[in-house]
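Quick notes on the structure that follows.
Because the structure is predicted, anything quoted here is derived from the model rather than measured.
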Amino acid sequence: MKGFLKAVVWIVILAAVAVGVYFVLPEYPQAYVKSKFQPMTDAVAKTKIEQVQKLINKDIDNASYKTIFEAKTKNPCWVYEKDEVSGTEYVTFRGTGVSLNLKDYEEYSGKLYTNASVKIQFEIVNNKVEIHPYIDGELMEVTDGKHTDQNKAIRNDLFRQLYGGMASANE
């Protein structure tokens, strides 16, 4: 009986350490771990993630977002979250190791990225989906309401490069 209690105590201690380590991980590693377990334990999350992954982008070879985002990224992960207060749902894709040429977009920091991390957030409100791209933690949108076309252009170029590899911007 003593050995059994000892084993239980060690299991509890190891589980507490694992949970503690999980909560101090940076955003991407924490999301990666969550993406491995969430679909197994949350049927709603699994369904929402699959629905977003299957959405088609007509501008990029009628490919699904899963195909587009996972083509060139390393360690891809998808996570679902819901804001219980507003009812807004979020499906977020994260990936690493991407090279992107966005030098021609000066309003968006105009950079050449190597080994960048990307975060693409699908914001779902009443069956309306808005897509918000981030590169290395920086939002790739100008939120003044005047740059709608430019926001769409950089988003489409970003998605093309995630799918087909780095290219010269505005090609």
Side-chain angles (χ1 to χ4, degrees), residues 18-39 42 45 48-49 51-53 55 57 59-60 63-125 128-171:
V19 169
V21 167
Y22 170 79
F23 283 109
V24 297
L25 286 174
E27 181 182 32
Y28 178 79
Q30 193 177 60
Y32 187 79
V33 171
K34 185 176 182 178
S35 76
K36 296 301 176 195
F37 294 102
Q38 188 178 42
D42 187 347
K48 291 292 183 177
I49 290 169
Q51 287 173 341
V52 169
Q53 288 177 335
L55 290 174
N57 186 317
D59 295 330
I60 304 175
S64 70
Y65 282 108
K66 179 178 174 61
T67 302
I68 293 167
F69 296 158
E70 294 184 8
K72 300 291 181 188
T73 57
K74 296 176 187 167
N75 305 314
C77 65
W78 296 81
V79 175
Y80 170 79
E81 296 172 309
K82 182 174 184 177
D83 182 342
E84 296 298 334
V85 175
S86 68
T88 304
E89 298 173 294
Y90 300 95
V91 173
T92 306
F93 167 81
R94 288 182 175 84
T96 60
V98 190
S99 295
L100 302 164
N101 181 358
L102 300 174
K103 288 170 50 176
D104 292 340
Y105 297 98
E106 294 175 14
E107 293 171 334
Y108 303 87
S109 300
K111 295 180 184 175
L112 176 64
Y113 296 89
T114 57
N115 202 28
S117 65
V118 294
K119 172 182 167 184
I120 312 294
Q121 187 175 58
F122 293 80
E123 181 179 2
I124 307 163
V125 180
K128 182 181 176 214
V129 179
E130 289 189 29
I131 303 173
H132 307 285
Y134 296 79
I135 301 174
D136 288 341
E138 182 180 348
L139 178 63
M140 293 287 111
E141 293 177 349
V142 176
T143 57
D144 62 2
K146 300 175 185 173
H147 289 80
T148 307
D149 292 337
Q150 294 92 332
N151 287 342
K152 185 177 179 182
I154 193 169
R155 187 173 51 241
N156 285 342
D157 196 21
L158 170 64
F159 293 174
R160 272 190 202 87
Q161 291 185 50
L162 286 174
Y163 183 56
M166 184 172 58
S168 176
N170 294 328
E171 280 187 359

Got a sec, which residues hit side chain to side chain donor-acceptor pair (under 3.5 Å) with E141, two or more places apart in sequence or on another chain?
H132
With T96 via side chain to side chain donor-acceptor pair (under 3.5 Å) - residues at least two apart
none
If every non-hydrogen atom of [X] is compared with every non-hydrogen atom of [Y], which pair is closest and at what distance?
| X | Y | value |
| --- | --- | --- |
| A31 | R94 | CB-NH1, 3.4 Å |
| P133 | L139 | O-CD1, 3.5 Å |
| S35 | C77 | OG-CB, 3.1 Å |
| Q161 | L102 | NE2-CD2, 3.9 Å |
| N156 | I60 | O-CD1, 4.1 Å |
| N151 | M140 | OD1-O, 4.4 Å |

The reported gap from CG in L112 to OG in S99 (rounded to nearest 0.5 angstrom) is 7.5 Å
Distance, nearest 0.5 Å, that separates CZ of R160 from CG of D59:
6.0 Å
If only side-chain N and O atoms count, and only distance matters, is there a donor-acceptor pair under 3.5 Å linking Q38 with Y80?
no
Checking F159 against F69 for the ring-ring contact (aromatic ring centres under 6.0 Å, His included) test, could you report, in this order, the C-alpha distance in whole Å, the side-chain angles of both residues, the deciding distance, and whether it holds?
CA-CA 7 Å; F159 293 174; F69 296 158; 5.1 Å; yes
Heavy-atom check, side chain of [X] versus side chain of [Y], under 4.5 Å:
| X | Y | answer |
| --- | --- | --- |
| V118 | L100 | yes |
| V98 | L162 | yes |
| I131 | Q121 | no |
| V79 | V91 | no |
| W78 | V52 | yes |
| K103 | K111 | no |
| F37 | D42 | no |
| N57 | Y65 | yes |

Which is it for I120 and Y134 under the side chain to side chain contact (heavy atoms under 4.5 Å, CB included) test, yes or no, and what are the steps along the way?
CA-CA 6 Å; I120 312 294; Y134 296 79; over 6 Å; no
Main chain of E138, side chain of D136: is a donor-acceptor contact present, judged purely on distance under 3.5 Å?
no
If only atom types and distance count, is the side chain of T73 paired as donor or acceptor with the main-chain N or O of P76 below 3.5 Å?
no
Within the 6.0 Å centroid threshold, strictly below: F122 and F93:
no
Trace of the side chain to side chain contact (heavy atoms under 4.5 Å, CB included) decision for I124 with T88:
CA-CA 6 Å; I124 307 163; T88 304; over 6 Å; no
V129 vs E123, test: side chain to side chain contact (heavy atoms under 4.5 Å, CB included). Steps then yes/no.
CA-CA 6 Å; V129 179; E123 181 179 2; over 6 Å; no
